[in-house]
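Note that ligands are numbered from 1 as they come in the structure, with each ligand's atoms numbered from 1 the same way. The model shown is predicted, which means the values in this text are computed figures rather than measured ones.
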Amino acid sequence: METVNSLSGGKTSSYIAVHYPADYDVFALCCIDSHNAGAHIDRKMKQRVNDKLQKYCPHMPEFVATSEDPVLLKTMFDLEQKIGREIIWLRGIGWEEMLRVKKAIPNMDKRFCTTILKMQPIFEFLFMRVPLPVKMRIGFRYDEAHRVNSENTTFRFPKFAKKYKGRLVKSFNKSTVTFETYFFDWLYQWETIEWRVNEHPLVDDKIIHYAVAQYWDRQNIVFPDDSNCQNCFWKDEQQLRKNFDTNLPIMIWAAIQEHLWGNTFKEEYSLFQISEMPIQLDFTFGTGAGCQAGFCTN
Ligand code: SF4
């Protein structure tokens with residue numbers, strides 16, 4: 001079975017990349033297809049990211065912005081130099097298209113973003129190139145061992161699609177039916193397959209947060225203060241408030257999406273309301289998100 005390190009750009013999964021070499025090191029970047037959200041990303045960095053994404057995802061839109069802290073982009077390039085193996089950059093559809101397809105803002109009740117933005121590009125890459133299932137290293141530490149059971153190992157995907165022609169009925173009576181118009185749509189045949197066998201090297205080797213943090217303190221790689229999507233519904237309101245200070249273009253973009261779709265990432269407050277909250281000085285910032293699929297982790 002081939003081994004895969006699923007990297008998130010956080011310290012823990014990067015620790016795995018350094019200490020547990022794999023056949024493939026994959027990194028799925030959550031992309032926003034609005035220039036406004038990427039206003040603070042350096043032009044040359046955008047080009048470097050596009051060069052990377054073009055290799056395996058030339059069918060996806062040009063990279064212009066990400067919902068993750070842009071510091072992570074340099075982190076991933078530096079990490080690649082450190083481990084001396086290629087990091088495979090992947091992306092799925094952008095946030096805007098995902099919101100349009102789902103007609104919703106992801107939140108605690110509708111957790112579709114990890115599957116679409118992170119898992120699907122990784123699944124598609126592996127499905128096309130590698131015999132499945134693969135052994136996938138998940139970045140849960142020994143102090144997060146309680147999360148181990150909540151990951152899934154199967155993926156549902158459309159194995160076959162065909163276009164069909166349908167007709168809309170305008171009127172009918174006992175003897176005649178009048179059709180209004182023809183329409184075309186896709187018919188999918190879905191299949192669920194076992195695509196990964198999860199491994200938890202940090203749980204097995206009893207590596208805790210302290211050991212990971214100590215290791216990176218001695219290295220010359222800068223990590224984002226707060227991993228994963230800056231607007232993530234898993235984050236505490238205070239962390240989201242802080243992210244308005246560190247990544248304003250992303251947070252303003254996210255707040256506008258809430259307005260457009262008439263729903264909010266957090267249950268109680270909209271992002272605009274959160275932006276007006278005072279900063280709580282004793283809050284431990286940078287705790288990040290931890291969605292349950294083993295992808296959006298620290
Ligand atoms: S970090 Fe949060 S918002 Fe981003 S894909 Fe993961 S769960 Fe969704």
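Taking the six-membered ring wherever Trp is involved, the centroid distance between the rings of Phe77 and Trp89 falls below 6.0 Å. Ring centroid separation for the pair Tyr215 and His19 comes in under the 6.0 Å cut-off.
Taking 2.8 Å as the threshold, Cys30 does not count as a candidate ligand of atom 8 (Fe) of ligand 1, since none of its N, O or S atoms lies below it.
A donor-acceptor pair is defined here as one N or O able to donate and one able to accept, closer than 3.5 Å; no such pair exists between the side chain of Asn247 and the backbone of Ile250.
Atoms of ligand 1 lying under 4.0 Å from any heavy atom of Trp234, numbered from 1 in the order shown and given with element: 7 (S). Interface atoms of ligand 1 facing Asn228, defined by a heavy-atom separation under 4.0 Å, are 1 (S).
Nearest residue to atom 3 (S) of ligand 1 from Ala254, Cys229, Pro106 is Cys229 (criterion: closest heavy atom).
For the residue pair Gln230/Trp253, the side-chain donor-acceptor check at 3.5 Å is not satisfied.
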